[in-house]
Protein chains: 2
Amino acid sequence: MERIVECVPNYSVGQDLEVVEKIVSCFRGKEGIKLLDYSSDKDHNRSVVTLVGEPEKVKVAVVESVKVAMAHIDLREHKGEHPRMGACDVIPFIPIKNFTLEDAVALSKEVGQALGELGVPVFLYERSASASHRENLAAIRKGQFEGMPEKMKLPEWQSDFGPKAPHESFGVVAVGARMPLVAFNVNLSTADVAIADAIAKKVRHIGGGLRYVKGMGVYLKERNLAQVSMNLTDYTKTSLYRALEMVRIEAKRYGVSVVGTEIIGLVPQKALIDSIEYYMGIENFSPDQILENKLSEEA
Amino acid sequence: MERIVECVPNYSVGQDLEVVEKIVSCFRGKEGIKLLDYSSDKDHNRSVVTLVGEPEKVKVAVVESVKVAMAHIDLREHKGEHPRMGACDVIPFIPIKNFTLEDAVALSKEVGQALGELGVPVFLYERSASASHRENLAAIRKGQFEGMPEKMKLPEWQSDFGPKAPHESFGVVAVGARMPLVAFNVNLSTADVAIADAIAKKVRHIGGGLRYVKGMGVYLKERNLAQVSMNLTDYTKTSLYRALEMVRIEAKRYGVSVVGTEIIGLVPQKALIDSIEYYMGIENFSPDQILENKLSEEA
């Protein structure tokens with residue numbers, strides 16, 4: 001695949017596995033699409049699908065999956081712990097290869113338009129948002145499915161595409177583009193979660209810290225230690241090593257040190273290369289020098 | 001490709017590009033084989049081919065290329081700056097994926113046997129060597145093509161496969177298995193190459209240093225600095241970070257510091273992961289977490 005976009009659509013179904021299977025089959029075994037993962041949570045009554053593929057193919061398949069969700073999910077009867085506003089709740093597009101964030105924004109708008117034409121109100125969010133108060137998914141979703149009819153009457157909560165009121169059974173959907181998230185945790189030599197939380201507040205963006213870091217303190221019961229749990233929202237601008245070293249700097253104030261770190265889930269190779277270049281002072285390194293990259297190049 | 005071996009055969013031809021092309025065509029566009037690189041040096045009158053592929057396919061193609069070399073290269077007329085003993089001079093096999101060093105040793109012996117049956121004396125070298133004095137390629141090649149008839153009369157220089165005297169026009173060939181080499185250089189805050197050389201002698205195996213490090217001091221004229229130039233001969237046992245930190249430790253004696261490093265040519269991803277795990281203290285990291293690895297997995 002020459003150009004690759006990732007998509008992680010969330011559907012408001014997690015108990016009826018036949019419906020989940022119908023949704024997933026929109027992505028399975030399709031040319032130009034690779035289904036990486038999917039998982040359903042019964043308590044949340046929600047499923048998350050992760051796929052990558054050629055942008056045009058992904059667009060067609062995602063729209064197809066929304067039709068399936070529309071046919072089989074009725075939010076008027078949906079109960080689950082996770083907040084939700086639509087049968088397909090949120091569709092983020094993430095640039096992976098030969099595809100920029102701007103390309104992902106454009107793709108999200110194409111998909112938004114197509115879904116609007118199906119009769120679903122669409123809110124563009126994150127980097128695709130039409131106004132800054134609509135960037136944050138939680139802000140859009142506030143009030144959930146039940147609150148949408150009233151909320152959408154407000155001028156600042158008009159939909160970007162589709163009807164001006166929620167679809168009766170589907171609700172509304174958020175579509176947008178964002179960078180890949182890197183979930184990066186730093187374990188401390190203390191069990192005091194207040195210290196981890198104080199450090200997180202210094203390191204994260206809203207606390208005057210690094211631009212693309214979200215974070216909070218977490219207590220790990222089984223290891224009896226406190227952790228600074230972070231999301232790096234743009235690893236090309238705020239690298240792993242910068243987040244780690246910033247945690248170290250703030251930790252000194254408490255006489256606490258870093259005892260380990262962990263990366264949760266997927267991480268782009270470039271995020272690791274940036275940090276190894278920093279720690280080892282490697283000059284002029286190119287990803288083409290990694291043997292495995294050579295092997296996976298198109299022949 | 002499920003199992004992958006790398007092979008870097010060297011041929012004693014670098015001026016007659018038609019012959020080079022005939023050799024390279026044994027590997028180009030063949031199913032189960034990927035030609036990564038080839039280059040010819042006129043002064044050395046020598047060509048180096050780098051390919052990867054399925055072990056059985058690589059074996060067949062390499063034997064084919066030796067037949068081509070036998071038909072078109074006559075060492076009695078060969079002149080070049082690089083020492084050589086055969087029309088195809090050396091054939092190293094390097095384990096890459098789902099293929100161990102032991103597998104590579106077995107493959108080298110299969111190829112050695114096949115070449116012996118073609119009438120070429122074969123010396124097994126490196127990890128395939130039949131005795132420790134035959135591990136080092138330079139030791140086998142000493143005396144070169146012209147000296148082989150006499151050398152092979154000695155009991156310690158009998159061939160492992162094939163005739164007991166060199167092939168008239170081809171000479172002899174060395175076949176063996178080794179780990180991928182990682183060429184790793186560390187630049188110092190001094191232009192004094194004697195310091196770089198002294199450090200290299202401490203860090204390398206023969207000086208009582210790290211088991212899988214070869215090294216020497218080099219003066220970089222254009223940057224006016226001295227460099228510890230190393231080859232890591234088994235990155236799974238002696239990681240990049242260990243070599244770097246050992247250089248740092250030895251450099252302290254001279255009041256010298258590390259100003260940068262470089263990796264020359266290809267490096268296995270695992271070698272980088274090992275070092276990033278060390279510097280960032282990452283726990284429980286799996287290469288499956290690297291997005292690009294997920295993408296290149298067989299569907």
Side-chain angles (χ1 to χ4, degrees), chain A residues 1 4 6 29 31 33-37 50 52-53 94 96-97 180 182-187 240-241 243-245 257-297 299, chain B residues 1 4 6 29 31 33-37 50 52-53 94 96-97 180 182-187 240-241 243-245 257-297 299:
Chain A
M1 292 187 270
I4 298 179
E6 183 182 1
E31 199 209 321
I33 290 185
K34 189 160 176 172
L35 177 64
L36 290 184
D37 188 40
T50 307
V52 292
I94 302 129
I96 300 293
K97 183 179 163 193
V182 178
F184 180 53
N185 300 332
V186 179
N187 297 334
L240 288 169
Y241 76 85
L244 173 57
E245 295 306 321
S257 60
V258 169
V259 298
T261 69
E262 49 185 35
I263 294 171
I264 307 297
L266 293 179
V267 58
Q269 192 184 63
K270 188 174 182 307
L272 297 180
I273 293 175
D274 278 352
S275 288
I276 193 78
E277 284 179 324
Y278 171 77
Y279 286 107
M280 298 189 70
I282 306 174
E283 302 169 4
N284 302 318
F285 186 75
S286 158
D288 291 340
Q289 290 180 250
I290 298 178
L291 183 66
E292 284 77 0
N293 294 358
K294 278 282 209 187
L295 297 180
S296 67
E297 276 170 13
Chain B
M1 291 187 272
I4 297 180
E6 184 182 1
E31 199 209 319
I33 290 185
K34 188 159 178 173
L35 177 64
L36 290 184
D37 188 42
T50 306
V52 291
I94 302 130
I96 300 294
K97 184 180 162 192
V182 178
F184 179 55
N185 300 330
V186 179
N187 298 333
L240 288 169
Y241 77 85
L244 172 56
E245 294 307 321
S257 61
V258 169
V259 297
T261 70
E262 48 184 36
I263 294 170
I264 308 297
L266 292 178
V267 58
Q269 191 183 64
K270 188 175 183 306
L272 298 179
I273 293 175
D274 277 351
S275 288
I276 194 75
E277 284 178 324
Y278 171 77
Y279 286 108
M280 299 189 69
I282 305 174
E283 301 169 4
N284 302 318
F285 187 74
S286 158
D288 291 341
Q289 290 180 254
I290 298 178
L291 184 65
E292 284 77 0
N293 294 357
K294 277 282 208 188
L295 298 180
S296 67
E297 275 170 17

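For clarity, every value in this text was computed on a predicted model and none was experimentally measured.
Rounded to the nearest 0.5 Å, atoms CD1 (B:Ile96) and CG (A:Leu295) are 6.5 Å apart. Once rounded to the nearest 0.5 Å, the distance linking CD of B:Glu283 with OG1 of A:Thr261 reads 6.5 Å. Rounding to the nearest 0.5 Å gives a distance of 9.0 Å between NZ of A:Lys97 and CD of B:Glu292.
Counting heavy-atom pairs closer than 4.5 Å to chain B, the top-ranked of the candidates A:Ile263, A:Val267, A:Asn284, A:Leu240 is A:Val267.
At a 4.5 Å heavy-atom cutoff, the contact between A:Leu244 and chain B is made by side-chain atoms alone. No part of B:Val258 comes within reach of chain A, as not one of its non-hydrogen atoms sits under 4.5 angstrom from that chain. Of the atoms belonging to B:Asn187, it is side-chain heavy atoms, and not backbone ones, that fall under 4.5 Å from chain A. At a 4.5 Å heavy-atom cutoff, B:Leu35 makes no contact with chain A through either its backbone or its side chain. Using a 4.5 Å cut-off between heavy atoms, B:Val52 contacts chain A through its side chain alone, with no backbone atom that close. If you measure heavy-atom distances from B:Phe184 to chain A, the contacts under 4.5 Å come from the side chain alone.
Taking both residues in full, the closest heavy atoms of B:Lys34 and A:Lys294 are given as NZ-O, 3.3 Å, listed atom of the first, atom of the second, then distance.
At a heavy-atom separation below 4.5 angstrom, chain B is approached by A:Leu272, A:Ser275, A:Ile276 within residues 270-277 of chain A.
Evaluation of the side chain to side chain donor-acceptor pair (under 3.5 Å) rule for B:Gln289 yields no partner, not counting sequence neighbours. Applying the ring-ring contact (aromatic ring centres under 6.0 Å, His included) test to A:Phe285 and every residue at least two apart in sequence or in another chain returns nothing. In terms of the side chain to side chain donor-acceptor pair (under 3.5 Å) criterion, residue partners of A:Tyr279 (sequence neighbours excluded) are, by chain and number, A:Glu245.
With B:Leu266 as reference, A:Leu291 is the one residue of A:Asp288, A:Asn293, A:Leu291 to meet the side-chain contact (heavy atoms from CB on, under 4.5 Å) rule.
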